[in-house]
Amino acid sequence: MKPLMLVLDDWEGRIAASSAWNQIEDHVTIKYATKPLEEMPEKEIANVTFLMAIRERTPLIAKVFDLLPNLKLILQTGGHAYHIDLKAASERGIQIALGRRAKAPVLSVPELTIAMMLNLFHLIPQAQIEMRKGEWPRSLGRTLNNRRLGILGLGRHGSKVAEIAKSAFQMDVVAWERSKNEQASNVGYPRLPLDELLKTSDAVSVHLRLSPESAGLLTRKKLELFKKGSVLINTSRGAIIDETALVSILKKGPIAGAGLDVFETEPLDKNSPLRNLDNVLLTPHIGWTVEEVFEEFAQIASTQVLQYLNGTLSSSEIIK
C-alpha cells in the first residue's frame, strides 16, 4: 500500500491544482483535509506518513501529533516553523523539512510593500472611502521620489524592497539590522542607529524575522520617535510592533499612515480599532499568497517526498 500524504489548509485550492503532484502520484496517495484534523475520522488519518502544512495556518502541537501515530515527515512550506512544537515532534521521531528554497516570496512580499507605500503616499485609502460616498475629495498626496526609506532588516525581502525603491523611485535608502553579521551584506545602503532611522525616514518598512530580540521592538516610545508625516509598513510579523500604541499614534501623530499585512493575532479581531482608521491600509497576510508561491511550495514538497522515499533528502532542509 502506498504511503498516505495529507495536505492541510489548501483554502485557495491552488496546491491541489498544481501539476507538481504528477511526479509522486505513483508513489504516494494524496488526500486534502477539508476540516481541522481534530474533526477528521481516525481511520482517515491514522496512516498519514507525510503531512504538508501551508505556512502556520494550523498549529502543529503534541495533541495533533497524537492523532497521527505514523507521521514521519512534515513538509513545512516557507523558511520557518514558529507554529510547530519541535520538542514534541522530535520525541515522536517526526522530521520537519522546510521550503527554504522558495524564491517566489522574494518578489511577492516586496511588491506588496511598495504597493502599500504608494497607496499611503498618494492617500488612496482615504480617497477610496470618500469616492464611494459620492464625494470628490481634494486630497494632496506626495511622491516617493527622493524620500528617505528606512528598512528594518536587509534580508532577502528587505534588500529587494531597497533595490526597487532605489532604482524605480530614487529613494534615499537607509537600514538598521540586529546583528553585525547582517551588516556585512548589502553594504551599498548606509546603516543607521534605530532611533536615528526612525526620526529621519519618510517611510519605515519592517522586514525582520520574529525572534526574542525583534518581538515588541517598536514600542510606544519608538513609535513616538517617527518623523512627522511618515508612514509605517509591516509585511513581516505583527508581534514586532506594539499594536495598541500604534493605534493611538495613528490618531494623533507623528505617524500619518500605516500599511499592515500582519497582526499580533490573526485573523485580525472584528472589533480591532485598526479597522476603523481611515489612514490605515489593511490586508489579510497576503504578502505570500500569490499563485507563483503556492506552485513553488507544491514543487518543493513533491521533490522532498521523492527524496525522502529514496533516501536522498538533504539534511540541510531538515530542522535539527
Side-chain angles (χ1 to χ4, degrees), residues 109-133 135-153 158 161-162 164-166 168-176 192-208 216-238 240-264 268 272-284 286-287:
V109 173
E111 284 181 4
L112 178 62
T113 299
I114 295 296
M116 284 184 157
M117 206 180 311
L118 286 166
N119 268 270
L120 291 168
F121 268 70
H122 289 273
L123 303 179
I124 293 174
Q126 295 94 324
Q128 276 288 292
I129 292 170
E130 295 304 311
M131 291 289 285
R132 292 188 186 281
K133 292 178 181 177
E135 303 294 333
W136 189 262
R138 301 183 185 278
S139 54
L140 185 65
R142 298 172 288 168
T143 69
L144 300 185
N145 186 260
N146 290 321
R147 303 274 180 184
R148 170 167 283 187
L149 170 61
I151 296 181
L152 306 187
V161 170
I164 297 170
K166 186 75 172 178
F169 304 105
Q170 294 75 54
M171 296 189 80
D172 171 28
V173 179
V174 296
W176 175 83
L192 296 181
L194 180 58
D195 287 3
E196 182 180 349
L197 180 147
L198 300 179
K199 290 177 181 178
T200 62
S201 296
D202 298 289
V204 174
S205 190
V206 181
H207 299 283
L208 297 167
L217 176 71
L218 294 183
T219 60
R220 176 180 295 273
K221 185 176 179 180
K222 294 297 184 187
L223 294 172
E224 289 174 344
L225 294 176
F226 273 60
K227 181 179 179 180
K228 184 178 180 180
S230 62
V231 303
L232 170 63
I233 313 292
N234 189 9
T235 55
S236 180
R237 285 292 180 270
I240 294 172
I241 301 173
D242 181 336
E243 215 166 82
T244 301
L246 179 60
V247 169
S248 173
I249 288 170
L250 283 166
K251 292 178 179 178
K252 62 185 178 72
I255 301 175
L260 306 174
D261 186 47
V262 291
F263 308 91
E264 288 181 359
L268 182 65
S272 169
L274 287 169
R275 294 182 183 270
N276 300 317
L277 298 177
D278 292 349
N279 58 342
V280 178
L281 181 60
L282 303 174
T283 52
I286 60 171

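Since the model is a prediction, treat every value here as computed from it, not as a measurement.
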Item to check | Sole residue of Asn234, Thr235, Asp261 in side chain to side chain donor-acceptor pair (under 3.5 Å) with Thr113 | outcome: Thr235

Checklist entry - Quick one: are Ser201 and Val174 in side-chain contact, heavy atoms under 4.5 Å? => result yes

Checklist entry - Counting heavy atoms not belonging to Lys252, are there more than 12 under 6.0 Å from its NZ? => result yes

Next on the checklist: With side chain to side chain contact (heavy atoms under 4.5 Å, CB included) as the test, pick out the partner of Ile249 among Asp242, Thr244, Ile255.
Outcome noted: Ile255

Checklist entry - Do we see a donor-acceptor contact under 3.5 Å between the side chains of Asn145 and Gln170? => result yes

Checklist entry - Is there a salt bridge (Lys or Arg N to Asp or Glu O under 4.0 Å) between Lys133 and Glu130 once you walk through the steps? => result CA-CA 5 Å; Lys133 292 178 181 177; Glu130 295 304 311; 3.7 Å; yes

Checklist entry - Considering all heavy atoms of both residues, which atom of Asp202 and which atom of Phe121 are nearest to each other, and what is their separation? => result O-CZ, 3.8 Å

Item to check | side chain to side chain contact (heavy atoms under 4.5 Å, CB included) partner of Val161, the single match among Glu111, His207, Met171 | outcome: His207

Checklist entry - Any idea which heavy atoms bring Val206 and Ser236 closest together, and the distance? => result O-CB, 3.5 Å

Item to check | Ala256 backbone acceptor or donor facing Asn279 side chain under 3.5 Å | outcome: yes

Item to check | Test item: Asp172 and Asn146 side chains (from C-beta on) under 4.5 Å apart, heavy atoms | outcome: no

Next on the checklist: With heavy-atom distances below 4.5 Å as the criterion, would you say the side chains of Leu192 and Arg148 are in contact?
Outcome noted: yes

Checklist entry - So, do Leu246 and Glu264 sit near enough that their side-chain heavy atoms are less than 4.5 Å apart? => result no

Checklist entry - Does Asp195 use its side chain to pair, donor to acceptor, with the backbone of Leu225 at less than 3.5 Å? => result no

Item to check | Heavy-atom pair with the smallest gap, counting every atom of Leu268 and Arg275 | outcome: O-NH2, 2.7 Å

Item to check | Minimum side-chain heavy-atom gap Ile240-Leu152 below 4.5 Å | outcome: no

Checklist entry - Does the side chain of Ile241 reach to within under 4.5 Å of the side chain of Val262, using non-hydrogen atoms? => result no

Checklist outcome for this item: Residues Leu194 and Trp176: closest non-hydrogen pair is N-CD1, 3.4 Å

Checklist entry - Is a salt bridge present between Lys221 and Glu224, judged by a nitrogen-to-oxygen distance below 4.0 Å? => result no

